[in-house]
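Comments concern the structure below.
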Amino acid sequence: MHPPVAVNRAELPEEVQDVSAADWLRMYRRMATIRAFEEQVNELYLSRRMPGLAHLYIGQEAVAVGVCEALRPEDTITSTHRGHGHCLAKGARVDRMFCELLGKAEGYCRGKGGSMHIADPDSGNLGANAIVGGSAGIAAGAALSAKLRGTNQVSVCFFGEGALGQGLLYEVMNMASLWKLPVVYVCENNLYNEYTHYRETTAGDILARPRAFGIPAEEVDGQDVRQVLAAARRAVARARRGEGPSFLLCNTYRYFGHHVGDVDRSYYRSREEEEAWKAQRDPLRLLRDWMIAAGLAGPEDFEAAERAAREEVAQGVAYALQAPYPDPSEVTQHVYA
Amino acid sequence: MHPPVAVNRAELPEEVQDVSAADWLRMYRRMATIRAFEEQVNELYLSRRMPGLAHLYIGQEAVAVGVCEALRPEDTITSTHRGHGHCLAKGARVDRMFCELLGKAEGYCRGKGGSMHIADPDSGNLGANAIVGGSAGIAAGAALSAKLRGTNQVSVCFFGEGALGQGLLYEVMNMASLWKLPVVYVCENNLYNEYTHYRETTAGDILARPRAFGIPAEEVDGQDVRQVLAAARRAVARARRGEGPSFLLCNTYRYFGHHVGDVDRSYYRSREEEEAWKAQRDPLRLLRDWMIAAGLAGPEDFEAAERAAREEVAQGVAYALQAPYPDPSEVTQHVYA
Amino acid sequence: MSTPSAAVRGPAAGTVREISLAQAIREALAEEMRRDPRVFILGEDVAEAGTPFKVLSGLVDEFGPQRVIDTPISEAGFVGIAVGAAMTGMRPVVDIMFGDFLTLAMDQIVNQAGKVHYMSGGKLKVPLVIRTTLGATRRSAAQHSQSLHAWFAHIPGLKVAVPSTPYDAKGLLKTAIRDDNPVLFFEDKMMYQVKGPVPEEEYTLPFGVADVKRPGRDVTLVATSSMVYVALEAAELLEQEGISAEVVDPRTIFPLDVETLVRSARKTGRVVVVDEGHRRYGVTAELAATIAEEAFYDLEAPVRRVGALDVPVPFSPVLEDRTVPTPQQVASVARELCGRN
Amino acid sequence: MSTPSAAVRGPAAGTVREISLAQAIREALAEEMRRDPRVFILGEDVAEAGTPFKVLSGLVDEFGPQRVIDTPISEAGFVGIAVGAAMTGMRPVVDIMFGDFLTLAMDQIVNQAGKVHYMSGGKLKVPLVIRTTLGATRRSAAQHSQSLHAWFAHIPGLKVAVPSTPYDAKGLLKTAIRDDNPVLFFEDKMMYQVKGPVPEEEYTLPFGVADVKRPGRDVTLVATSSMVYVALEAAELLEQEGISAEVVDPRTIFPLDVETLVRSARKTGRVVVVDEGHRRYGVTAELAATIAEEAFYDLEAPVRRVGALDVPVPFSPVLEDRTVPTPQQVASVARELCGRN
Ligand SMILES: Cc1ncc(C[n+]2csc(CCOP(=O)(O)OP(=O)(O)O)c2C)c(N)n1
Ligand SMILES: Cc1ncc(C[n+]2csc(CCOP(=O)(O)OP(=O)(O)O)c2C)c(N)n1
Ligand SMILES: [Mg+2]
Ligand SMILES: [Mg+2]
């Protein structure tokens, strides 16, 4: 299915040949944080300490990290119901994320948003969205705003392949293309719309859709952070040059259920499929194996990164668990600005 | 821009080589009826005898007539705000159309619908729609219904190129393609969305849009009823065979304003453009010239057809003008079935 | 959610089982699909998955994927397709997972489905059911917790059902499917597991007929959907204080059984209206205004309204629980009305 | 539509011109765009065409196509883009040609614009104005004649203005543009040519402040948007019979100036509420319920509601004219309330 990992720098895409070992390691660390974070979220759910549900990003880490690595702090993203990875990759703090997931006052939204609505304008995160495809317009609007204000910011819209079903996306891609907006559409194809395989919901050729609106589109190995970063840099550079939108179709996989409660998955996908992705296409493993083979880092570097990630998550969740809830009177605050 | 008209049968598209001179003449007559009807509508507006506005189909006659010629009576169509031509082509009567436009009780909708909502299930017309793109789903639903009921009916969705801006169209084309629904999408590109040229509102390549959803699409000279009929027959046959939807992009032009009140058009299009289409691309003239040159009919045949059309329209409007309004108590009827 | 099952009147006689509201819905669908080949289901994850709420589990096994059709995530698109299918001889039942997603299909529901019959002068019909959910407290935050039923009741051409018990849900859904008009059918997502008596035998319930869920003398509590349980609990609380509350469930907010509401209001002279939609410009406004107008000369006190707090639904439990009417709150308003503060 | 201009209070002093409502809107936009470079306009045919109602004519000449942007026919799409632009430092004014087309953008308006501030715990703001139309009698039939403002007033997070005079329209639109929240601004499309006094000088009008358009003693007519003219004409009719009617215009239905409404109701003891939206579950329900509750002990008669007929708007003039409240109808209801039948 995919070629074996590259083993030396020369095989790297041009756009990422300048990335230092330290930077790759930093990306590894970020992916490890996302993974540890999500494992902890699952654990919070299973131990009934988290209200509601959450949609885990485990398996897709390279997409968020690779794309956000191509961005500047002032660039913006919009995210989805499966958004924890995007938030963390763009710079959110673990402890305040947990606070939000637990409905605590120090959460990014003072507990009002929860898992599906984390927004952090300080890190350029304009918010996750619980409406599938709901942020396609918002992301383009941020791009229009950047253009009108002359800030040279780029806007990224993350969405699952399920959002290809929403007409809004096409309305907005049309305008983004007409007006050459600096927006990058990042479609994460993890094969499933909830419990239905995307082939049952998606006719024709995905890449042909943006292209029909005059938007350059490319397919990216979403498990390989090097490929993601390279493609994102191409798209972001194009946007920054004022040449308009791009579309990246990142092939990926979610290891867990649609949400934390989706435990019995056999009726819609096989265990073999799950195992194959984990064994052969894990984004953390792929990066680590390549770096070690290329002599860019040793096993101890990755162990250290993972330890640090777990530590950060453990501290973050401990902090959040004891953090106070908002005062009930806050319920009527923030309805109007 | 377009090749000169064909002068003998051999040059006709394969699908229409069996069409008799009488049939072509019948189509001419139908186009003439539509034109005379619309001229009368304009006159009703200018003389302040018609309530509200209307969107004239003059210039686009070959599209409605060519497409509907490819249909059986039980096949269905959905139409638009510019729908008089579609209704007449599918078999509506002139007098009852005028009744509807004048808000009379004998109108197809008992005066409740008016110009933008004429529906006539008896002739397979599921209704015009005043929401741009609003019937994209309805047409596909009629196709799904035909499929589920096993009737072998085909459904045609007429819409202007402005409807390409509506996301609904893409949502529905996706499902029509997935489920191989017997629906034909007929896009009439008359160059303008109201007062804005379609190039300012339409990015990329129109034909690539349906194709991206796996729907075969072709461009058709919408002024040449022979080409329209040929393309429609191809699309309808495909639908009838159970192979799914098609998309026809018919290039055409509206001679008059966006609606009857749009008289001063110079700020959005030139008089030269208008004159060029009328002089060189008139659908009635093209058919007549070809038939005469091919020896299929003489000038007197067309004069007779036009006379008959004008006569039908004159009688129809006279009838409608004196026809009674609905009883005011009807206002509360038909809210619920 | 607990069912004060003694209080919630079930059917009169015959073989009666206790089943959940989810099961009642499923039964109604299965029976109607067996009865009428024109009935089919359309929506996201309705087939093998049986919806995320599992309400439709098993239907695809009996009726096959031709009649239980999984769609892409295209609410406007598949509602539009259902409208077209309904206009041409089918009777679709559409599933909109969360009522919040109705926002994506408003044109198709309001401008198309709701108006086609009228606009065509009675020629075309749209026998369409849109099943969807309402209700908060599931910790699902602002875009998955709304109760938007008031919007649809505002639109002539649409009907709106808001059943509260398994019995009502089954009988009303069967009626909805047989109705020749578009019906919005709202199920409180927190109520799917609520159980209640439902007869084995076939039955339907008419639209526009309110049900007195509990008779009383001193104050009328008009309540919709899951708020019926809140009202019933409030009635229990009030009873302990010697206040006899009548609980009236309109069951359909359009058509609305004004007569039964007004009769109860006239009898008790005091009315509290409870609904889980936002209070402002919501269902409680119509019910209160209607009662205040029609029972004006018999009212001892102003009609009071209890709705969801006028805020987007927050995620945090400590906040969310403040937004939904509670039995205590309803009882306290009723107590005030009765001059017992 | 005629303006009983003596009755419609204009500004107090200064240089005053008589201008049309369309011109008042255009002036408000031009002034705000001059004042604040973040304000821009987005919509279908807004630039050269100046919209089909010609309300925006000339703005593109002054501000250029970067600030008066023609869009494709993509209501959901460009509202979404406006939401994103508003969240990131711009102040878009979106044009939705007919209020009926709001149905296409409900998710973006209700689930996104209306909730972002709350969901983000106050961090993000959406300073967005959506200008659109309401009102029937233009012979435009069911999909171009609705008055859907009640829907938006139901949604916390949104504000809704329904101005009736050029003066109010200008002052309220300027306020809307400066507001940090999403505002739905409804203009009656039959009112664009109505003229009224508007000062040369800059002014704004606050939201949530009702205006007594005509003082009276015997009965209160609460009326919105163009229904203010209907109420004023009804008041003239009533005056001839010795009934003194007070006409109160809420001007914004959210925030709602309950105090002024209730004060008038307490004074006259009799209230008719008039609005052009459908009666059922519409604006009149909220206003009537609120007044009936708050002024209960001072009311001499039930609050009566006059709204559009609960039917889709028909095309035929003989039918359409039956659907919209008339001065005669309002006067007759008021007369009844005053026991003069
Ligand atoms: C408009 C809308 N319809 C339906 C849903 C329910 N829903 C939540 S996630 C989801 C599937 C999304 O699939 P995809 O976009 O591929 O994202 P993934 O979950 O795979 O990350 C659905 C249908 C929703 N949230 N919004
Ligand atoms: C959803 C919606 N938005 C806007 C309008 C207003 N409108 C009526 S016709 C029209 C232009 C349609 O252009 P096109 O589809 O090309 O059809 P044409 O008028 O050229 O036949 C617009 C914008 C509408 N009716 N519906
Ligand atoms: Mg997916
Ligand atoms: Mg056009």
Side-chain angles (χ1 to χ4, degrees), chain B residues 76 78 100 105 107-114 116-122 125-131 133-149 151 153 155 157 166-176 178-179 181 183 326 330 332-337, chain C residues 37-40 42 65-67 69-92 94 104-108 110-128 155-159 179-183 207 254-255:
Chain B
T76 57
T78 61
E100 190 58 39
Y108 276 110
C109 311
R110 298 201 65 77
K112 281 183 166 137
M116 293 199 288
H117 298 290
I118 296 179
D120 177 25
D122 290 342
N125 174 2
L126 297 179
N129 209 306
I131 300 296
S135 71
I138 293 171
L144 174 63
S145 170
K147 190 169 173 166
L148 290 172
R149 291 177 297 119
T151 61
Q153 286 162 290
S155 165
C157 181
Q166 289 290 353
L168 177 72
L169 181 66
Y170 306 96
E171 298 189 4
V172 168
M173 287 201 298
N174 186 41
M175 286 182 272
L178 283 168
W179 304 338
L181 300 183
V183 55
E330 287 201 30
T332 52
Q333 279 172 26
H334 308 307
V335 182
Y336 291 97
Chain C
R38 298 170 303 175
V39 179
F40 71 102
L42 199 64
Q66 293 282 330
R67 293 184 69 195
I69 306 176
D70 271 342
T71 65
I73 309 174
S74 310
E75 284 80 5
F78 65 77
V79 169
I81 287 177
V83 174
M87 284 164 63
T88 53
M90 298 298 292
R91 304 186 80 86
V94 164
L104 292 154
M106 292 304 281
D107 171 59
Q108 294 299 311
V110 170
N111 289 334
Q112 313 298 340
K115 298 189 184 1
V116 159
H117 185 64
Y118 191 84
M119 292 193 305
S120 68
K123 290 223 198 94
L124 292 162
K125 292 184 305 193
V126 185
L128 163 69
I155 303 299
L158 303 177
K159 298 184 177 181
D179 197 298
D180 274 344
N181 300 286
V183 176
F207 277 19
F254 188 85

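None of the values given here were measured: they were computed from a predicted structure.
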Would you confirm whether [X], through its side chain, and [Y], through its main-chain N or O, come within 3.5 Å as a donor-acceptor pair?
{"X": "B:Tyr336", "Y": "C:Leu158", "result": "yes"}
{"X": "C:Gln108", "Y": "B:Gly134", "result": "yes"}
{"X": "C:Lys123", "Y": "B:Pro121", "result": "no"}

### Pairs where residues 137-148 of chain B contributes a residue and the test side chain to side chain donor-acceptor pair (under 3.5 Å) is met, not counting sequence neighbours
B:Ser145-B:Arg149, B:Ser145-C:Thr88

### Query
Any idea which of B:Val335, B:Thr76, B:Val172, B:Asp122 has the most non-hydrogen atom pairs under 4.5 angstrom with chain C?
B:Val335

### Query
Taking every heavy-atom pair that is under 4.5 Å apart, which of C:Asp107, C:Asp179, C:Val116 has the most such pairs with chain B?
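Between C:Asp107, C:Asp179, C:Val116, the count favours C:Asp107.
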
### Task
Return the option, out of C:Arg67, C:Gln112, C:Lys125, with the maximum number of heavy-atom pairs under 4.5 Å with chain B.
C:Gln112

With a 4.5 angstrom heavy-atom cut-off, which part of [X] approaches chain B: side chain, backbone, both or neither?
{"X": "C:Phe40", "result": "side chain"}
{"X": "C:Leu104", "result": "neither"}
{"X": "C:Ile69", "result": "side chain"}

So what's closer than 4.5 Å to chain C heavy atoms on [X]: side chain, backbone, both or neither?
{"X": "B:Leu126", "answer": "both"}
{"X": "B:Ala142", "answer": "both"}
{"X": "B:Gln153", "answer": "neither"}
{"X": "B:Ile118", "answer": "neither"}

### Query
So, do B:Met175 and C:Pro72 sit near enough that their side-chain heavy atoms are less than 4.5 Å apart?
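Touching, per the 4.5 Å side-chain cut-off.
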
Would you give the length of the straight line joining atom [atom1] of [X] to atom [atom2] of [Y], rounded to the nearest 0.5 angstrom?
{"X": "B:Met173", "Y": "C:Ser74", "atom1": "CE", "atom2": "OG", "value": "12.0 Å"}
{"X": "B:Ile138", "Y": "C:Leu124", "atom1": "CD1", "atom2": "CG", "value": "9.0 Å"}
{"X": "C:Ile81", "Y": "B:Leu144", "atom1": "CD1", "atom2": "CG", "value": "7.0 Å"}
{"X": "C:Tyr118", "Y": "B:Glu330", "atom1": "OH", "atom2": "CD", "value": "9.0 Å"}
{"X": "B:Lys112", "Y": "C:Lys115", "atom1": "NZ", "atom2": "NZ", "value": "14.0 Å"}

### Task
Looking only at non-hydrogen atoms, find the nearest pair between C:Asp70 and B:Trp179 and report the distance.
O-CZ2, 3.5 Å

### Sequence-distant partners of C:Arg91, salt bridge (charged side-chain N to carboxylate O under 4.0 Å, His left out), two or more places apart
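Per chain and number, C:Arg91 pairs via salt bridge (charged side-chain N to carboxylate O under 4.0 Å, His left out) with C:Asp180.
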
